[in-house]
Protein chains: 2
Amino acid sequence: MRDTRAALLLQAETLVRRRGYAGFSYADLAETVGIRKASIHHHFATKSDLAHALVAAYDARYDAALAGIRADEPDAIGRIAAYGALYLGGVEAGLGCLCAVLAIEGEALPASLRADIVGFFEKHIAWLEGVLAEGIAAGCVRASVEPGPTARMVIAALEGALLMERLLAGPAGFRGTLTALCDGLRAAGSVPTGVSSHRIDTI
Amino acid sequence: MRDTRAALLLQAETLVRRRGYAGFSYADLAETVGIRKASIHHHFATKSDLAHALVAAYDARYDAALAGIRADEPDAIGRIAAYGALYLGGVEAGLGCLCAVLAIEGEALPASLRADIVGFFEKHIAWLEGVLAEGIAAGCVRASVEPGPTARMVIAALEGALLMERLLAGPAGFRGTLTALCDGLRAAGSVPTGVSSHRIDTI
DNA sequence: GTTGTTCTACCAATTAGTCGGTAGATTTCC
DNA sequence: GGAAATCTACCGACTAATTGGTAGAACAAC
């Protein structure tokens with residue numbers, strides 16, 4: 001049995017992450033999946049329905065990854081390094097972050113989709129804020145770090161690095177940024193931890 | 001006298017920065033400028049010609065701003081804060097960075113345009129690397145900072161913050177990220193400097 | 001009167017989305 | 001268990017609108 005809906009979601013996601021939301025068409029998607037254009041409408045009535053489903057699936061995958069990192073990595077800096085490694089997967093595959101791509105085209109997008117994206121980012125900011133606060137309490141993160149603004153700065157740096165290094169220096173460039181980022185957060189006495197092996201499942 | 005070419009560049013830039021390259025059309029641009037669609041082709045034969053001119057003008061404006069900051073701000077952290085304030089202008093106006101927008105749609109863009117964008121980012125990385133190296137030598141930037149990777153991290157954080165905070169917390173969110181970024185670079189003994197008043201001219 | 005600018009009027013291609021219909025399962029009901 | 005009804009997945013053939021781009025005439029300015 002062939003799960004067409006899943007194939008559509010998978011291929012649509014890579015198309016959006018490669019070329020943007022306005023940059024791919026139902027015709028493109030139909031061709032890569034090997035189905036007729038009209039049949040896509042059977043699964044996703046409109047393009048924005050498809051986009052919603054895309055964000056929901058992406059968000060769910062990240063939820064799982066975030067929970068996994070929290071469970072596997074005891075150290076705050078290790079958790080942030082592992083979180084950054086999720087983005088590294090995108091650089092390696094030549095794919096931007098789905099939500100960053102959609103955020104950039106924000107103005108031209110349906111408002112409900114924008115709300116989904118805001119929710120995605122705010123969830124990640126809250127997660128990082130918690131990680132940083134715990135890290136400060138445990139003494140592995142610099143005491144002068146403010147968890148709120150720094151959480152925003154961390155995710156901004158990773159989103160920005162994914163955006164840039166995909167075109168510039170690739171994975172090597174991204175790893176440099178991630179290391180510089182972690183080094184700036186670590187408390188003076190704390191020992192660096194290695195790069196984690198966390199991966200976002202699909203793609 | 002009415003400089004149509006300049007008006008086209010100005011309006012096209014805001015359209016791209018709001019909706020993306022694939023997200024605006026010659027019809028949109030014609031309407032905002034108050035000209036017929038065919039007349040645009042007289043000034044910019046193809047859409048990618050227009051995009052090239054857009055990047056060239058944007059790049060030139062940043063060149064001037066970078067030189068101004070270097071001349072006016074003696075301190076490395078002050079220079080980076082001033083550089084970040086350029087991006088703040090985008091957040092306030094609700095506009096993304098032109099090159100970030102184009103970078104995201106990279107795969108769907110003409111290759112020559114991609115090269116322009118790579119050049120833009122590399123120039124800024126080199127500028128920041130110089131600023132950081134001088135700052136370390138002067139003692140206002142943490143000695144453990146590595147100028148190369150950290151320069152990439154700084155621009156990534158600013159690009160990412162512009163991307164995100166345009167949708168999330170606006171200028172206040174961006175300022176928080178900028179402060180957290182600068183705080184992470186400053187040497188322990190160094191005194192914080194205020195936010196500069198540097199602005200990118202047009203828009 | 002020539003040069004630069006803008007216009008009207010068009011073009012072929014592509015866009016998202018609709019239409020009526022079909023083959024094959026699955027369910028319902030006697 | 002077998003007929004009838006319903007549902008799922010897909011298709012070819014559309015549509016109206018929009019896409020970037022072209023040809024040639026009108027108009028302006030020096």
Side-chain angles (χ1 to χ4, degrees), chain A residues 1-55 57 101-102 104-114 116, chain B residues 1-55 98 101-102 104-114 116:
Chain A
M1 177 216 172
R2 173 168 143 64
D3 190 344
T4 306
R5 194 191 142 92
L8 285 169
L9 283 173
L10 178 68
Q11 297 300 333
E13 184 181 311
T14 80
L15 281 172
V16 174
R17 292 173 67 185
R18 259 200 259 269
R19 319 214 284 237
Y21 178 72
F24 92 100
S25 73
Y26 266 34
D28 297 329
L29 180 56
E31 202 191 345
T32 65
V33 172
I35 208 182
R36 292 291 141 154
K37 193 168 68 75
S39 307
I40 303 177
H41 286 280
H42 173 72
H43 297 276
F44 304 99
T46 68
K47 204 183 175 186
S48 64
D49 285 343
L50 172 58
H52 269 104
L54 247 28
V55 174
V101 171
L102 294 174
I104 279 230
E105 294 173 79
E107 197 117 338
L109 259 45
S112 59
L113 195 51
R114 240 175 304 170
D116 289 356
Chain B
M1 175 216 170
R2 174 168 144 64
D3 190 345
T4 306
R5 193 189 143 93
L8 285 169
L9 282 173
L10 178 68
Q11 297 300 333
E13 185 182 308
T14 81
L15 282 172
V16 174
R17 292 173 67 185
R18 260 200 257 269
R19 320 214 283 237
Y21 179 71
F24 92 100
S25 71
Y26 265 34
D28 297 328
L29 180 55
E31 201 191 346
T32 66
V33 172
I35 209 180
R36 294 289 138 153
K37 192 166 67 78
S39 306
I40 303 177
H41 286 280
H42 173 72
H43 298 275
F44 303 100
T46 70
K47 204 184 175 184
S48 65
D49 286 342
L50 172 58
H52 269 103
L54 246 29
V55 174
L98 178 70
V101 170
L102 294 173
I104 281 229
E105 293 173 81
E107 198 118 336
L109 260 43
S112 58
L113 195 50
R114 238 175 304 170
D116 289 355

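Just so we're on the same page: letters track the sequence lines, and every chain starts at 1.
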Please determine, for the side chain of B/Ile35, which listed nucleotide (C/dC7, D/dG12, C/dT15) has the closest atom?
->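 Nearest listed nucleotide: C/dC7.
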I'd like to check the side chain to side chain contact (heavy atoms under 4.5 Å, CB included) partners of [X]; sequence neighbours left out, ordered by chain and number.
{"X": "B/Arg36", "value": "B/Ser39"}
{"X": "B/Ala27", "value": "B/Ser25, B/Lys37"}
{"X": "A/Val16", "value": "A/Phe24, A/Leu54, A/Leu98, A/Val101, A/Leu102"}
{"X": "A/Ala57", "value": "none"}

Would you kindly give the [atom1]-to-[atom2] distance between [X] and [N], to the nearest whole Å?
{"X": "B/Arg36", "N": "C/dG4", "atom1": "CZ", "atom2": "P", "value": "24 Å"}
{"X": "B/Tyr26", "N": "D/dG21", "atom1": "OH", "atom2": "P", "value": "6 Å"}
{"X": "B/Arg5", "N": "C/dT5", "atom1": "CZ", "atom2": "P", "value": "10 Å"}
{"X": "B/Lys37", "N": "D/dG21", "atom1": "NZ", "atom2": "C1'", "value": "7 Å"}

Hey, can you pull the residues of residues 39-50 of chain A with a non-hydrogen atom under 4.0 angstrom from DNA chain C?
->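 Output list: A/His41, A/Thr46, A/Lys47.
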CZ of A/Arg18 to CD1 of B/Ile104: how many Å apart, nearest 0.5 Å?
->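 Rounded to the nearest 0.5 Å, the CZ-CD1 separation comes out at 14.5 Å.
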Pairs meeting criterion ring-ring contact (aromatic ring centres under 6.0 Å, His included) with involvement of residues 28-47 of chain A, two or more places apart |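 Qualifying pairs, neighbours excluded: A/Tyr26-A/His41.
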Please tabulate, one pair per line, each protein N/O and nucleotide N/O from nucleotides 20-25 of chain C that are separated by under 3.5 Å, including the distance.
none

Bend angle of the helix from C/dG1-D/dC30 to C/dC30-D/dG1, end axes from five pairs each (to 10°) =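 It comes to 30° between the two terminal axes.
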Smallest separation among heavy atoms of [X] and [Y], with atom names:
{"X": "B/Leu29", "Y": "B/Ala12", "value": "CD1-N, 3.5 Å"}
{"X": "A/Pro110", "Y": "A/Ser48", "value": "CG-CB, 3.6 Å"}
{"X": "B/Ala53", "Y": "B/Leu9", "value": "CB-CD2, 3.8 Å"}

Would you say a side-chain N or O of B/Thr4 is under 4.0 Å from OP1 or OP2 of C/dT5?
->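 For C/dT5, OP1/OP2 do not have a side-chain N/O of B/Thr4 under 4.0 Å.
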Can you tell me if the side-chain N/O atoms of B/Ser25 get under 4.0 Å from OP1 or OP2 in D/dT19?
->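 For D/dT19, OP1 or OP2 has a side-chain N or O of B/Ser25 closer than 4.0 Å.
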Kindly state each residue pair satisfying salt bridge (Lys or Arg N to Asp or Glu O under 4.0 Å) with at least one member in residues 41-55 of chain A, sequence neighbours excluded.
->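 Of all non-adjacent pairs touching residues 41-55 of chain A, none passes salt bridge (Lys or Arg N to Asp or Glu O under 4.0 Å).
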Which residue pairs pass the salt bridge (Lys or Arg N to Asp or Glu O under 4.0 Å) test when at least one of the two sits in residues 22-33 of chain A, sequence neighbours left out?
->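 Only A/Arg19-A/Asp28 qualify under salt bridge (Lys or Arg N to Asp or Glu O under 4.0 Å).
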